[in-house]
Amino acid sequence: VQLQASGGGLVQPGGSLRLSCAASGLTSSNYGTGWFRQAPGKEREFVAAIRGADRHTRYADSVNGRSTIFRDNAKNMVYLQVNSLRPEDTAVYYCAVTPRTYNTGSYSRETIYTYWGQGTLVTVSS
């Protein structure tokens with residue numbers, strides 16, 4: 001299984017970005033995907049997740065209301081749209097996948113994810 005995260009870049013405060021996570025090698029589309037991020041000098045933190053079975057979503061408080069995670073199973077793609085970007089959103093964003101189904105609250109835990117992508121850098125600055 002390989003995950004490829006893309007879509008990062010330099011954006012001004014208040015702008016938007018759509019990050020993409022391309023998955024290959026998965027035998028089923030019924031997998032959960034999470035986005036995490038790691039800012040310079042900080043630990044990696046949960047951003048958003050979407051469960052495979054029912055597409056139920058979960059967001060961190062820091063992005064709730066200005067982010068949307070969604071998937072296109074036909075393309076094996078998961079996207080994270082982030083609006084109203086702030087300087088504190090600057091980080092390397094990682095996508096991760098789990099083939100198992102968990103209760104919604106578990107998707108913020110890094111330990112449930114089996115596969116990780118390499119990360120894409122998002123810089124929010126004027």
_I'd like to know if the side chain of N73 pairs up with that of R71 as donor and acceptor (distance under 3.5 Å, no hydrogens or angles considered)._
yes
Closest non-hydrogen contact found for S125 with P13 is C-CD, 3.6 Å
Note to self: Please tell me whether M77 and L19 are part of a single hydrophobic cluster in this structure, the criterion being side-chain heavy atoms less than 4.5 Å apart.
What the structure shows: no
CD (Q12) and OG1 (T123) are apart, to the nearest 0.5 Å, by 13.0 Å
| request: Taking R66 for its side chain and N83 for its backbone only, find out whether a donor-acceptor pair lies under 3.5 Å. | output: yes
message: Using a 3.5 Å distance criterion without hydrogens, assess whether the side chain of T98 forms a donor-acceptor pair with backbone atoms of I112.
response: yes
Discussion item. Counting only heavy atoms from other residues, nucleotides and ligands, does the tally under 6.0 Å from CD of E88 exceed 12?
Written reply: yes
In terms of heavy-atom contacts, V92 and G119 come closest through CG1-CA, 3.8 Å
Note: R86 and S62 closest approach over all heavy atoms is NH1-O, 3.9 Å
Does a sphere of radius 6.0 Å around CD in Q38 hold more than 12 heavy atoms from other residues, nucleotides or ligands, not counting ones at 6.0 Å or beyond? yes
W116 side chain near E110 side chain, heavy-atom distance below 4.5 Å: yes
Here the pair of heavy atoms bringing S16 nearest to S84 is OG-N, 4.3 Å
Q. In terms of hydrophobic clustering (I, L, V, M, F, W, Y; side-chain heavy atoms under 4.5 Å; direct or indirect links), are V11 and V63 co-clustered?
A. yes
Note: F36 and S108 closest approach over all heavy atoms is CE2-O, 3.6 Å
| message | I'd like to know if Y79 and F46 are part of one continuous hydrophobic network [Ile/Leu/Val/Met/Phe/Trp/Tyr, side-chain heavy atoms within less than 4.5 Å]. | response | no
message = Apply side-chain contact (heavy atoms from CB on, under 4.5 Å) to residues F70 and L80 and explain how you reach the verdict.
response = CA-CA 7 Å; F70 58 101; L80 178 68; over 6 Å; no
* Centroid separation Y31 to Y115 less than 6.0 Å -> no
Verify, without hydrogens or angle tests, whether Q118 (side chain) and A5 (backbone) share a donor-acceptor contact under 3.5 angstrom. yes
message: According to a hydrophobic-cluster definition based on side-chain heavy atoms being under 4.5 Å apart (Ile, Leu, Val, Met, Phe, Trp, Tyr only), do I50 and V47 belong together?
response: yes
ask   = Do the side-chain N and O atoms of R37 and Y93 include a donor-acceptor pair separated by under 3.5 angstrom?
value = yes
Distance col, row Y113:OH vs Y94:OH, nearest 0.5 angstrom, shows 15.5 Å
Backbone N/O of P87 and side chain of T90: donor-acceptor pair under 3.5 Å: yes
Note to self: Atom CZ of residue position R55 - does it have more than 12 heavy atoms of other residues, nucleotides or ligands inside 6.0 Å?
What the structure shows: yes
**Q.** Side-chain (R109) to main-chain (G105) donor-acceptor, under 3.5 angstrom
**A.** no
*Does the side chain of C95 come within less than 4.5 Å of V78's, by heavy atoms?*
no
So, the side chain of S20 versus the backbone of S6: is there a donor-acceptor pair under 3.5 Å, distance only?
no
Within-4.5 Å side-chain heavy-atom neighbours: I69 and Y59:
yes
Using side-chain heavy atoms (C-beta onward) and a distance below 4.5 Å, is V97 in contact with L26? yes
Q: Decide, yes or no, whether a salt bridge links D54 with R51 under the criterion of side-chain N to carboxylate O below 4.0 Å.
A: yes
In short, L85 meets L17 closest at the heavy-atom pair CD1-N, 3.8 Å
